[in-house]
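Got a structure for you, written out below as structure tokens; questions coming shortly.
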Amino acid sequence: MISFVVGHGIIPYLHTFYAAPIVEHGKLTAIIIEYKNGRGAIRGRQFIDATGDADLALHLQLPSFEPETLQPPTTCAKIQGLNSLGNFNWQQAIREHGVEFGLDPDWGWGGPIPRLPDVELRVDTHVFDCDTSGSQLSRAEIEGRCQVRAIMDLIRKYGPADANMTLVDLAATIGARETKRIVASYRLSEEDVLHGHWFEDAIANGSYRVNIHHANGPGITFRYLDGAEVVIPERGVEPVKKRWRDPVDTNPTFYQIPRRYLLQDRIPNLVLAGRMLDADKTAFSAARVMVNMNQTGEAAGVACALAINEGIPIQSADPAAIRKALAEGGSIIV
Ligand SMILES: Cc1cc2nc3c(=O)[nH]c(=O)nc-3n(C[C@H](O)[C@H](O)[C@H](O)COP(=O)(O)OP(=O)(O)OC[C@H]3O[C@@H](n4cnc5c(N)ncnc54)[C@H](O)[C@@H]3O)c2cc1C
């Protein structure tokens, strides 16, 4: 990736924060940045907002919406030595003793990290009732870290005395799952995702299930394209299996995100990418994952390059040309 950036004349600005837009005659002409040198500006012909929280689009006052409830953010941790706990069921112990350590009932998951045999990525925390895109971010950051600390303390108190367990890493920032979203030229719907609709201007394919972390309490709901639904109510509690629809002969295996999602009609030279996705609650909960958002980012870059090369507004860039360029770059285009 580094050689790709450096070898293609791209000038990276690491450790640099986008701060504000500059709009002249209805067109976005530059962005203000904050970096080690102080304040600066970067001019451009095309801009992509890929900030997750839609910082640029919101500062430009593009129409936005926030679902009634937001999926809660999580502080991830890497923990070494959980194997040394032996048969001690630490998830059950959190369930039994969490209150003593200030932990609300919750649910979490984790897994091994390739080539780090004794280290697990753990995703055991949630900060409820919190919008991480604004002034509540600091509270969330502190609360998420405190939850990790509480889990470590709890396991040390109730786990085997000879366990050899260490917190080796905390995520640099708390991870936001869902914040404000921008109204685009198309809103992806539950029907589009769960019934696997195809679009002529599709720029991304996704097969990830609907994955809703419950907003104000423990648990998670999964909905699969084959009609199955699984709800995990709380850690240590058996999952509840049901169906959101009866089986059909031809189950869809994937859904698509159309190019129209990248576009809005207020600022002609701004493209949207990532989890500011215009989608209803259910569609968002499937589409928001990395493999899908990566594809929207790539499509946004390709669309901007085509528009610049042809000297046309991004809205006029031919969807077929974008899909062709993506396919030539190795993307699966159906
Ligand atoms: C705890 C957690 C676990 C998850 N687990 C999974 C999983 O297992 N599998 C999966 O596929 N997905 C998972 N997801 C979802 C997925 O990670 C995100 O939805 C996805 O990464 C969003 O992509 P994005 O590009 O829109 O935003 P991000 O990946 O958040 O990228 C936005 C980038 O913009 C930067 N940025 C933001 N504001 C500014 C600014 N003003 N100036 C400069 N830079 C800025 C940020 O630092 C960040 O690097 C998880 C999410 C969370 C929070």
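Whatever order the structure lists ligands and atoms in, that order sets their numbers, starting from 1.
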Does the N or O separation between Tyr18 and ligand 1 drop below 3.5 Å for any pair?
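Yes: some nitrogen or oxygen of Tyr18 is under 3.5 Å from one in ligand 1.
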Answer yes if the side chains of Gln295 and Ser331 hold a donor-acceptor pair under 3.5 Å, and no otherwise.
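No, no side-chain donor-acceptor pair sits under 3.5 Å.
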Ignoring hydrogens and angles, state whether a donor on the side chain of Arg275 or Thr179 is under 3.5 Å from an acceptor on the partner side chain.
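Result is yes, a qualifying pair exists.
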Basic-acidic side-chain contact under 4.0 Å: Lys324, Asp318:
no
Between ligand 1 and Asp55, can you find any atom pair, the residue atom being a heavy atom, that is separated by under 4.0 Å?
yes
Can you tell me the protein heavy atom closest to atom 44 (N) of ligand 1 and the distance?
Thr16 O, 4.5 Å
How far is atom 26 (O) of ligand 1 from its nearest protein heavy atom, and which residue and atom name does that atom have?
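For atom 26 (O) of ligand 1, the nearest protein heavy atom comes out as Arg275 N, 2.7 Å.
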Asp278/Arg181 under salt bridge (Lys or Arg N to Asp or Glu O under 4.0 Å): CA gap, chis, key distance, verdict
CA-CA 6 Å; Asp278 192 350; Arg181 304 213 285 281; over 6 Å; no
Do me a favour and list the nearest non-hydrogen protein atom to atom 50 (C) of ligand 1 with residue, atom name and distance?
Arg288 NH1, 4.3 Å
Under 30°, 30 to 60°, or over 60°: which ring-plane class applies to His126 and Trp107, parallel, tilted or perpendicular?
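His126 vs Trp107 ring planes: parallel.
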Would you verify that at least one protein heavy atom lies under 4.0 Å from atom 35 (C) of ligand 1, or report that none does?
no
Find all atoms of ligand 1 within a distance of less than 4.0 Å from any non-hydrogen atom belonging to Thr74, and give their numbers and elements.
1 (C)
Which of the numbered atoms in ligand 1 are under 4.0 angstrom from any heavy atom belonging to Gly175?
53 (C)
Got the closest protein heavy atom to atom 37 (C) of ligand 1, with its distance?
Thr51 O, 3.3 Å
Could you list which atoms of ligand 1 come closer than 4.0 Å to a heavy atom of Cys76?
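Every atom of ligand 1 under 4.0 Å from some heavy atom of Cys76: 1 (C).
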How about atom 9 (N) of ligand 1: does it have a protein heavy atom within less than 4.0 Å?
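Within 4.0 Å: yes, protein heavy atom nearby.
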Should the pair Phe222 and Tyr224 be assigned to parallel (<30°), tilted (30 to 60°) or perpendicular (>60°) ring geometry?
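Phe222 vs Tyr224 ring planes: tilted.
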Check each atom of ligand 1 against the heavy atoms of Gly274 and keep those under 4.0 Å away; list them by number with element.
26 (O)
Atom 5 (N) of ligand 1 - nearest protein heavy atom and its distance:
Trp109 CZ2, 4.2 Å
Heavy-atom protein contact below 4.0 Å for atom 41 (N) of ligand 1:
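Yes.
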Supply the atom-to-atom distance Asp265 CG to Ser185 OG, rounded to the nearest 0.5 angstrom.
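One finds 6.0 Å between CG of Asp265 and OG of Ser185.
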State, without any angle test, whether Asp53 and Thr51 hold a side-chain donor-acceptor pair at a distance under 3.5 Å.
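There is no such pair (donor and acceptor under 3.5 Å, judged by atom type) between the side chains of Asp53 and Thr51.
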Would a hydrophobic clustering, with Ile, Leu, Val, Met, Phe, Trp and Tyr connected at side-chain separations under 4.5 Å, put Ile220 with Val127?
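Result: no, two separate clusters.
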Counting heavy atoms only, which of Met293, His213, Gln71, Met290 is nearest atom 17 (O) of ligand 1?
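The residue whose heavy atom sits nearest atom 17 (O) of ligand 1 is Met290.
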Return yes when atom CD1 of Ile10 has more than 12 non-hydrogen atoms of other residues, nucleotides or ligands closer than 6.0 Å, and no otherwise.
yes
Determine whether the side chains of Asp280 and Thr282 contain a donor N or O and an acceptor N or O closer than 3.5 Å.
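Note: Asp280 and Thr282 side chains miss the donor-acceptor criterion.
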One residue to check: Ala176. Relative to ligand 1, which of side chain, backbone, both or neither has a non-hydrogen atom less than 4.0 Å away?
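Near ligand 1, Ala176 shows its backbone, while the atoms from C-beta on stay back.
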Give yes or no for whether the N/O distance cutoff of 3.5 Å, strictly under, is met between Arg177 and ligand 1.
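N/O-N/O distance under 3.5 Å: no.
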Quick test: of every protein heavy atom, which one is nearest to atom 28 (P) of ligand 1, and how far off is it to 0.1 Å?
Gly52 CA, 5.0 Å
Side-chain ion pair, Glu234 and Arg95, N-O less than 4.0 Å
yes
4.0 Å protein heavy-atom contact status of atom 48 (C) of ligand 1, strictly under
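Protein heavy atom within 4.0 Å of atom 48 (C) of ligand 1: absent.
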Ignoring hydrogens, just give me the one of Ala54, Gly206, Ala50 whose non-hydrogen atom is nearest atom 33 (C) of ligand 1.
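Minimum heavy-atom distance to atom 33 (C) of ligand 1 goes to Ala50.
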If the test is side chain to side chain donor-acceptor pair (under 3.5 Å), which one of Arg260, Gln256, Arg323 qualifies with Asp201?
Arg260
Can a protein heavy atom be found under 4.0 Å away from atom 20 (C) of ligand 1?
yes
